[in-house]
> 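Could you have a look at this structure, given as structure tokens, before my questions?
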Amino acid sequence: MKALIIDDEAHVRETIRLLVDWDRFGITEVYEAASGEEGIELLQQEKPGLVFTDIMMPGMTGLDVLSRIAESGIRSKAIVISGYDDFTYVRSALQFGSFDYLLKPIDEEELEDAVRKAVAAWLDEENERSERLQSETKANLYRPMLADKSFVQLLLDPDQYPMHAATLQREFGIGSDQKQVLAAVVSLQTLDTRLQAKFASAMDLLLFAVTNICSEFMSKENLGLAFRHWHRHEAVLLFFDRFEKAGAMLEQINEGLYAALRGQFHLGYGTVQPFPSGIQRTFHEAETALQLRNMRDQTAYLHPYELRKQAAHMLQAPLAAYEDRLVLAVRMNDLVQIGRSLEDWESQASKHPYLHIRQLEMWWQEFTLMHSRLLLENEVDDEGEELLSEADDLSFRLPLNDLGQPDLTIWTKRMERILTEIAGFLLRGDRNPVMRSIEKYIRLHYREQIPLEKLSETFHLSPSHISRSFKTEFGETLTDYVTRLRINKAKLLLADPELKITSIAEAVGYQDEKYFSRAFKKLEGVSPNMFRKQHLAAPLSK
């Protein structure tokens with residue numbers, strides 16, 4: 001605590017210095033001023049907790065000093081020490097916030113008592129201010145978390161609005177008079193590799209920073225608020241007013257994000273919907289705008305929701321078309337063919353001018369399904385799976401280069417590494433090489449009729465030996481293996497709603513559609529038509 005003595009008489013200042021036991025009251029610094037003007041300058045610089053001032057001084061009087069203390073908001077306790085006991089002075093001093101009024105000559109006990117009371121009052125007020133500040137700090141820290149929780153729950157289930165209505169009104173000023181809402185999303189999923197590397201171990205911190213920057217811009221214009229969607233690693237912005245300014249505001253936010261974080265972010269936004277019932281829809285529209293943006297277009301960072309982009313949802317260049325070649329190459333440990341097959345797929349996939357995240361997700365899902373079938377059909381146990389997973393996990397990661405541009409070569413190299421590991425693992429295993437060759441032959445000719453006699457002639461083994469050894473090696477009969485292979489291929493083709501069931505049956509080796517349907521239902525438990533209805537992706541809502 002600091003103290004300031006203001007008096008034009010030096011001996012008065014010296015007397016106060018000598019009479020007060022400063023250490024006892026926790027006062028570590030004592031300043032002196034010979035005039036009111038000098039005292040005001042020290043007040044502003046040092047902000048003392050205790051001030052002694054005379055009333056009558058040349059120039060600026062003690063009452064002027066008290067008035068300036070009250071106007072400035074400096075939290076000082078003032079003790080007036082004056083040679084005048086006129087009630088007018090006393091009343092004026094009290095009106096300006098003087099804590100006590102002592103008369104000259106100074107009485108030591110009166111001075112000590114006044115200082116003790118003033119210091120105690122100052123400490124009480126400081127403690128109260130500190131507690132209030134801590135409470136406000138906690139509230140400010142809690143408020144973003146409250147926003148995260150309340151609004152994420154509304155995104156999941158708008159019908160929960162009545163449960164949150166009072167909190168939204170009290171904390172965010174969103175009441176029953178709010179009729180509409182528009183959502184925007186800033187996703188961390190599509191960060192360029194420079195930002196990913198910079199925040200690799202602090203993605204939560206990055207999300208916090210992004211959300212704060214968005215909130216700052218939104219609050220300046222009083223357009224809405226921003227909160228964190230932790231589960232999706234997204235910042236969500238909700239506009240509640242002047243929706244026509246949403247696009248311009250998102251432009252400003254995008255510029256602000258780049259200026260602060262030196263990286264490009266993509267922002268998607270939906271359409272204006274009724275609040276609260278439409279909050280989920282406008283949020284999903286914003287996410288869809290991001291997921292269906294053309295990643296080959298590196299000039300746009302704001303992405304409005306457009307229904308016409310539904311056409312871009314179709315699967316292009318399916319990886320499944322190369323599965324037979326890849327599986328065979330893995331089984332034969334043909335590393336050259338693994339690389340060549342993936343290069344052929346990449347060449348085909350790279351021809352499409354429109355590439356979006358959902359397309360990439362579907363491609364990666366195809367790869368993970370092929371990976372699972374490889375391990376399952378080759379009876380790789382849990383220990384083997386764990387060993388293989390150490391080489392590279394199968395988590396979905398966008399194939400982005402240093403500039404944030406899509407590069408499928410990143411994926412093909414990754415896929416090649418994973419499949420090469422499997423090929424090496426299978427080669428080290430205890431497998432029957434002849435049966436592996438037979439299985440390879442079946443995969444290449446599964447659409448044809450493959451009688452045992454033909455296999456016997458081709459591989460120079462008796463039909464009974466082939467039948468018995470194949471079941472021992474692969475855990476099922478040749479007939480069951482061919483049937484399952486055909487049905488698995490049919491399931492992939494059923495994902496295309498344009499293909500007729502008859503065409504699919506013929507494509508996988510069945511000339512009779514009814515026989516195909518019976519075989520399919522026996523293996524899958526449902527007819528081909530029902531399977532298509534259950535697994536075909538639902539169209540986007542209009």
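Not measured: the values here are computed from a predicted model. All heavy atoms count here, side chains included; hydrogens, waters and symmetry mates do not.
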> Show the nearest heavy-atom pair for residues Leu319 and Trp363, with the distance to one decimal.
CD2-O, 4.1 Å
> Within the distance-only criterion (no hydrogens, no angle test), does the side chain of Thr472 pair as donor or acceptor with the backbone N or O of Arg468 below 3.5 angstrom?
yes
> Is there a donor-acceptor contact under 3.5 Å from the side chain of His445 to the main chain of Tyr441?
yes
> Do you see a donor-acceptor pair shorter than 3.5 Å between the side chains of Asn529 and Ser527?
no
> Check the pair Arg325, Tyr322 against side chain to side chain contact (heavy atoms under 4.5 Å, CB included), reporting the backbone distance first and the verdict last.
CA-CA 6 Å; Arg325 290 167 55 183; Tyr322 299 81; 3.8 Å; yes
> Between Phe151 and Phe227, how do the two ring planes meet: parallel, tilted or perpendicular, split at 30° and 60°?
parallel
> Does any part of the side chain of Gln180, heavy atoms only, come nearer than 4.5 Å to the side chain of Val272, both counted from C-beta?
yes
> Are Leu328 and Arg443 side-chain neighbours, meaning at least one heavy-atom pair lies under 4.5 Å?
no
> Under a 4.5 Å cut-off applied to non-hydrogen side-chain atoms, are Tyr269 and Val185 in contact?
no
> The criterion is side-chain hydrogen bond (donor to acceptor under 3.5 Å, both in side chains); which residues satisfy it with Arg447, sequence neighbours excluded?
none
> Side chains of Leu455 and Leu478: closer than 4.5 Å at any heavy-atom pair?
yes
> If you measure from CD on Glu448 to CD1 on Ile442, what distance do you get to the nearest 0.5 Å?
11.5 Å
> So which of Gln359, Arg397, Arg414 actually passes side chain to side chain contact (heavy atoms under 4.5 Å, CB included) with Trp364?
Arg414
> Can you confirm whether more than 12 heavy atoms, excluding those of Gln405, are under 6.0 Å from its CD atom?
yes
> Leu238 and Ala183: which non-hydrogen atoms are nearest, and at how many Å?
CD2-CB, 3.9 Å
> Heavy atoms only: give me the nearest Met435-Glu473 pair and the separation to one decimal.
CB-CG, 3.9 Å
> Specify the closest pair of heavy atoms between Ala246 and Phe239, including all atoms of both residues, with the distance to one decimal.
CA-CE2, 3.8 Å
> Any donor and acceptor pair, going by atom type alone, linking the side chain of Ser350 with main-chain N or O of Glu346 inside 3.5 Å?
yes
> Would you indicate whether Tyr515, at its atom OH, is surrounded by more than 12 heavy atoms from other residues, nucleotides or ligands within a distance under 6.0 Å?
no
> Report the C-alpha separation of Thr282 and Glu285 in whole Å, then their side-chain angles, then the decisive distance to 0.1 Å, and conclude whether the side chain to side chain contact (heavy atoms under 4.5 Å, CB included) test is met.
CA-CA 5 Å; Thr282 185; Glu285 289 176 347; 4.3 Å; yes
> With a 4.5 Å limit on heavy-atom distance, are the side chains of Thr458 and Ile438 in contact?
no
> Using only atom types and a distance under 3.5 Å, with no angle test, would you say the side chain of Asp334 pairs donor to acceptor with the backbone of Leu326?
no
> If you count every heavy atom of other residues, nucleotides or ligands that lies below 6.0 Å from Glu244 atom CD, does the total exceed 12?
yes
> Before accepting this row, confirm whether a basic side-chain N of the pair Lys491/Glu524 lies closer than 4.0 Å to the acidic partner's carboxylate O.
yes
> Apply side-chain hydrogen bond (donor to acceptor under 3.5 Å, both in side chains) to Glu457 and list each qualifying residue two or more places apart in sequence or on a separate chain.
none
> Can you find a heavy atom in the side chain of Met295 that is under 4.5 Å from one in the side chain of Leu360?
yes
> Under 3.5 Å, is there a donor-acceptor pair between the side chain of Asp407 and the main chain of Leu400?
no
> Would you call Lys471-Asp480 a salt bridge at under 4.0 Å N-O?
no
> Return the minimal non-hydrogen interatomic distance between Ile410 and Pro399, and the atom names on each side.
CD1-C, 3.9 Å
> Would you check if there is a donor-acceptor pair between the side chains of Ser215 and Asn212 at a distance under 3.5 Å?
no
> Begin with the C-alpha distance, continue with both residues' side-chain angles, and end with the deciding distance and a verdict on side chain to side chain contact (heavy atoms under 4.5 Å, CB included) for Phe265 and Leu188.
CA-CA 8 Å; Phe265 292 81; Leu188 303 191; 3.9 Å; yes
> Evaluate the criterion side chain to side chain contact (heavy atoms under 4.5 Å, CB included) for residue pair Tyr446 and Arg486; output intermediate values, then yes/no.
CA-CA 7 Å; Tyr446 73 91; Arg486 288 175 171 179; 3.6 Å; yes
> Of the non-hydrogen atoms in Leu335 and Ala423, which two are nearest, and what is the gap between them?
CD2-CB, 4.4 Å
> Less than 4.5 Å apart, any side-chain heavy atom of Leu398 and any of Pro406?
no
> Looking only at side-chain N and O atoms, does Ser341 offer a donor or acceptor that is under 3.5 Å from a partner on Glu343?
no
> Going by atom types only, do Gln291 and His356 share a side-chain donor-acceptor pair under 3.5 Å?
no
> Without hydrogens or angle criteria, can the side chains of Ser517 and Glu513 be said to hold a donor-acceptor pair below 3.5 Å?
no
